[in-house]
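Keep in mind that the numbers below use all heavy atoms, side chains included, and drop hydrogens, waters and symmetry copies. Keep in mind that this is a model prediction, so the values were computed, not measured. Order of the sequence lines sets the chain letters (A, B, ...), proteins ahead of strands, with each chain counted from 1.
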Amino acid sequence: MRTLASPPRTEQELLHNAGQLTGKSLLQVASELGLQVPVDQKRAKGWVGEMIEVYLGATASSLPEPDFQNIGVELKTLPLNHLGKPKETTFVCTVSLNENAGRTWEDSVVRHKLNRVLWVPVEAGVDIALPHRRIGSPFIWSPDPDQEAALRIDWQELMDMIAMGEIERINSQQGRYLQIRPKAANASILSQTTKENGQHSMTLPRGFYLRTSFTESLLLMQIEN
DNA sequence: ACCTGATCATCT
DNA sequence: AGATGATCAGGT
């Protein structure tokens, strides 16, 4: 999908544009953009996110950059189940498996990605057909000091293990809010890891994901304010 | 090859 | 209903 809308010049403009999505169905938005709604998401897993990027004029699709480069905002859709709670974890970024010496939380990709996020809640219960799913109220978020501290602890624990060459010992149950899980086209894909001592080995590519308990807390904080 | 956008499929 | 490992499509 190519971008049609012009990129927002300010965060305020972005938030205003995103607000126009509130209450609309995916079919409505697709129609406005002249797009077809896929029959299902089995072969279109990123479709909702990509369509909203188009609607909002995101500029960095497929690039390792914030979606709205000029204003430093990352866009994330947040799929909600029939109870209004996050249905899936949220992918943050690929886990760097080598050249991690001296890398700190402060200059980590995770922190940069999550520094400023536009969350767009979208109905995702399987009981609602894709075209009829509605978009909720988008909101902009930055980690508060408690959230950032918690994420930093998770990140540090996981990256320490990777630096020690213990990637194979990491499982998805580690990390209070941030977990590491596979992120690959299939389970036979391999990418290179480098340990502290410079030794190499091959392993399945992994990604950082935010647990649903974390994104649920963002929704709850949003309702309070 | 590896990033982006994520959800699917299965098990508990 | 939630969690986890596996997977799909498109761009650079």
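- Contact annotation: Lys45(A) side-chain N/O to dG10(C) OP1/OP2 distance is not under 4.0 Å.
- In terms of position on DNA chain B, the residue among Thr94(A) and Arg181(A) whose nearest nucleotide sits closer to the 5' end is Thr94(A).
- In this structure, Ser191(A) does not reach the dC2(B) phosphate: none of its side-chain N or O atoms is under 4.0 Å from OP1 or OP2.
- Here Thr90(A) lies out of heavy-atom contact (under 4.0 Å) with every strand.
- For Tyr209(A) and dA3(C), a side-chain-to-base donor-acceptor distance below 3.5 Å is absent, hydrogens and geometry of angles not being considered.
- Tested against Ile135(A) for a side chain to side chain contact (heavy atoms under 4.5 Å, CB included), the candidates Val120(A), Val48(A), Thr22(A) yield a single pass: Val120(A).
- Remark: of the listed residues Arg133(A), Lys87(A), Arg134(A), Arg134(A) is the sole one forming a side chain to side chain donor-acceptor pair (under 3.5 Å) with Glu123(A).
- Partner of Pro131(A) under the side chain to side chain contact (heavy atoms under 4.5 Å, CB included) criterion, out of Leu27(A), Val39(A), Leu26(A), Val29(A): Leu27(A) alone.
- Using a 4.0 Å heavy-atom criterion, one finds that Pro79(A) contacts the sugar-phosphate atoms exclusively.
- Across the interface with DNA chain C, nearest-nucleotide mapping of Lys183(A) and Gln173(A) shows Gln173(A) to be the residue nearer the 5′ end.
- Counting only distance, with no hydrogens or angles, the side chain of Asn70(A) and the backbone of Pro8(A) share a donor-acceptor pair below 3.5 Å.
- Between Arg43(A) and dA9(C) there is a side-chain polar atom (N or O) within less than 4.0 angstrom of OP1 or OP2.
- Between the side chain of Lys87(A) and the base of dT7(B), no donor-acceptor pair under 3.5 Å is found.
- Here Lys85(A) does not reach the OP1 or OP2 of dA1(C): none of its side-chain N or O atoms lies under 4.0 Å away.
- Close to dG5(B), at under 4.0 Å from its OP1 or OP2, lies a side-chain N or O of Lys76(A).
- Remark on DNA chain C: of its neighbouring residues Ser188(A) and Ser213(A), the 5'-side contact belongs to Ser213(A), judged by nearest-heavy-atom nucleotide.
- Within the nucleic acid shown, Asn171(A) has no heavy atom closer than 4.0 Å to any nucleic acid atom.
- For dG2(C), the OP1/OP2 oxygens have a side-chain nitrogen or oxygen of Asn81(A) closer than 4.0 Å.
- Remark: Thr89(A) is not in phosphate contact with dT4(C), judged by side-chain N or O atoms under 4.0 Å from OP1 or OP2.
- The residue from Leu33(A), Leu75(A), Asp67(A), Leu118(A) that alone fulfils the side chain to side chain contact (heavy atoms under 4.5 Å, CB included) condition with Ile52(A) is Leu75(A).
- Interface remark: the Glu88(A) side chain does form a donor-acceptor pair with the dC8(B) base, using a distance-only criterion of under 3.5 Å.
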